[in-house]
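Notes for the one structure printed next.
In what follows, chains are A, B, ... by sequence order, proteins preceding strands, each numbered from 1. All values below were derived from every heavy atom in this structure, side-chain atoms included, with hydrogens, water molecules and symmetry-related copies excluded.
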Amino acid sequence: MTQLKSVNLMDLTSIIRSKNASPFEITFDILFKNKNIYDEIKKNNAINAVILADLFCVDKEKILDVIYFDAANAIKFNMPRTVPHASFGEIDMHSAQQHVPLQKLTLEMEG
Amino acid sequence: MNKIKVLTPTGMLGYGFPVEDFNKGIARNPDVIIIDSGSVDSGPIKIGNGSMTCPEGSYRAELLILLKAVHEHKIPLYISSAGGAGSNIQVDKIQVMVKEICEQQGYSLSSASIYADIPKEIIKDKLIDGKISACGRSVPALTLLEINNATTVVAQMGMEPFVEAIKNNVDVIIAGRAYDPAPLAAFCINKGFDPALSWHMGKILECGGLCAQPSCQVMLGTISQDHFTLEPLSEQSICTETSIAAHTMYEKSHPYLLPGPGGTLDLSTCKFEQIDERRVKVSGSQFNPTPYTIKLEGAKLVGYRSTTIAGVRDPNVISALDEIEVMAKGYALQNFPHLKDKFKLLFHVYGRDGVLGSLETDLTVAKEVCVVIEVLAETQDIATQVCSKARIALLHAPYKGRIATSGNCGLIFSPLEIPLGETYEFNIYHLMTVDDPCQYFPINYHQFG
């Protein structure tokens, strides 16, 4: 049995960010430090819609997709914006701060 | 021609760039200078009323530097999505600046202005013909009513209108709304380079040095037959495999399938390789042609906003802010009963959940918070009146348990209420199928100076 240990996402990644992708969606990017880390996450599907919905306290349907991108050792997922871009109630014009809940994600990693 | 060198001074005309880095780029003998000037990121007001993303003085200062290089080194300059939204009025504003600088400086330059406003009648006909679809699953279906409501609609042109202008050998192109990589793709593909690599390099360089580590402004891209390389011109910055891969997937809903006018860029098989300390080589990009669509972007006026900004330090007030917000709405309605359902009022509470809103999961509250009151109403006058009543309530409302009775907040500005002007919403973000990529993008040619 491989011993698993809890690791914070911040220690596995070089980039965690959010940004507008159209006036109606927010896109989130997670780039891992190296291929080994990325491969382990991908093999175990360790980051998925259920985990992300739980982390952001939203319905699973709000996590529109979770896509693994091998060439960048990266994961992208999308959510609808809470208000359309720059409408009444706008809080983050560029959606550049919405990634923050990801900084708390802890994963069980091998070795 | 074995190689093409493209110089991008910054990711957004008007955002600024170090002149010394730009001059370093010019010393490398680039074949073209390409600079993006637009984005939907700064809000629908840019389409809605033609206001520009940056102050006019910023555009003029940068155009002065860029046009000097065009004049002295005979390097063409392509500006796309002029002014922020790339609407006709913004193309004309940038064109006037270029013309005046040429006249003042004694430069003789030829220019092409490419327009991107789409007449509503054409959009209605296309909608009735079933040639319009939502651009993305979060976008509502388009209706004739929403087309009527839009003040202005632009479309993102592909590379073809640029190629048309390039064939006329102009020194300067001032294009309206364009798919961000289009001017670079047009220049490279017109010279016979691989479409996939051309589009991919365009996608990365349209943001200037945002792809560098740390990010900078001025970038040099070099395309050859089977790859391209990227190099930042700031000595403090480098490109890394990670920084370039990261930028490839930046602000797109899919990391490696990038649909655009006439085709989809497929980056699932591309390779990022570090070739020296500062440069990254990219290869393996693919481009798959698709039926030709152009993306429509439109905005409608939804009213006028006013705001008040206040600081709160008293913990009793901070914990009562939700109660005070309800009291503020009540106070406004008590004074203006005829305005029921005619305004929207909201407290943004910075230091609590101001930035993440409903996505905030950390319930910690800071020792002091900033309250920004936002009011939207049919007229500026009503918005400011309602905002005033809300501000008075925030300042003086007798919330439960109040013991500091002279005021609930610290205000920083007089006037206490600040009118914010027109408020727009995006109401068109749709794909329109077209037969001819150039049909809706007329070009006017000029000779300046």
_Option in B/K252, B/R305, B/E425 with maximal non-hydrogen atom pairs under 4.5 Å from chain A_ = B/K252
*Quick one: pull up OG in B/S268 and CG in A/D70 and give me the separation to the nearest 0.5 Å.*
9.0 Å
*Between A/R17 and chain B, which part of the residue has a heavy atom less than 4.5 Å away: side chain, backbone, both or neither?*
side chain
_Quick check: closest heavy atoms across A/A21 and B/S253, and the distance to 0.1 Å?_
CB-N, 3.8 Å
*Does the side chain of B/D362 come within less than 4.5 Å of A/K104's, by heavy atoms?*
yes
*Heavy-atom closest contact (A/H85 atom, B/D41 atom, distance)*: NE2-O, 2.9 Å
*Between B/Y250 and chain A, which part of the residue has a heavy atom less than 4.5 Å away: side chain, backbone, both or neither?*
both
_Side chain / backbone / both / neither for A/L64 at chain B, heavy atoms under 4.5 Å_ = both
*asked:* Please identify, among B/I244, B/V355, B/V372, the residue contributing the most non-hydrogen atom pairs under 4.5 Å to chain A.
replied: B/V355
*Can you name the closest pair of heavy atoms from A/A86 and B/G43 and give their distance?*
CB-CA, 4.1 Å
*Under 4.5 Å, heavy atom to heavy atom: which of residues 207-214 of chain B reach chain A? Give them by number, or say none.*
none
_Leading residue by heavy atom contact count with chain A [cutoff under 4.5 Å; candidates B/G136, B/S39, B/G284, B/G354]_ = B/G354
*asked:* With a strict 4.5 Å heavy-atom criterion, list every residue of residues 22-34 of chain A that contacts chain B, or say none.
replied: A/S22, A/P23, A/F24, A/E25, A/T27, A/D29, A/L31
*Below 4.5 Å from any heavy atom of chain B, which atoms of A/N20 appear? Answer side chain, backbone, both or neither.*
both
*Does the side chain to side chain contact (heavy atoms under 4.5 Å, CB included) test come out yes or no for A/N78 and B/R137, once each step is laid out?*
CA-CA 11 Å; A/N78 301 296; B/R137 62 217 140 174; 3.7 Å; yes
*asked:* Just so I know, are the side chains of B/S138 and A/R81 near enough to count as touching, which here means a heavy-atom distance under 4.5 Å?
replied: no
*Let me know if B/S42 has heavy atoms under 4.5 Å from chain A in its side chain, its backbone, both or neither.*
backbone
*Please state whether the side chain, the backbone, both or neither of B/L345 comes within less than 4.5 Å of a heavy atom of chain A.*
backbone
*What option among B/L356, B/L376, B/T269 has the most heavy-atom pairs under 4.5 Å with chain A?*
B/L356
*Just wondering, more than 12 heavy atoms not from A/K19 lying within 6.0 Å of its NZ?*
yes
*If you take all heavy atoms of B/S358 and A/T82, which pair is closest and at what distance?*
OG-CG2, 3.5 Å
_Part of A/S87 within contact of chain B (heavy atom distance under 4.5 Å)_ = both
*Decide yes or no for A/F56 and B/T361: does some side-chain heavy atom of the first lie under 4.5 Å from some side-chain heavy atom of the second?*
no
*Quick one: closest heavy-atom pair of B/A245 and A/A71, and the distance?*
CB-O, 4.4 Å
*Give, as side chain, backbone, both or neither, the part of B/F426 having an atom under 4.5 angstrom from any heavy atom of chain A.*
both
*Hey, does A/Q97 have a side-chain heavy atom less than 4.5 Å from the side chain of B/L359?*
no
_Quick one, A/F88 with B/L346, criterion side chain to side chain contact (heavy atoms under 4.5 Å, CB included). Give me CA distance, side-chain angles, the key distance, then yes/no._
CA-CA 9 Å; A/F88 177 81; B/L346 181 67; 3.6 Å; yes
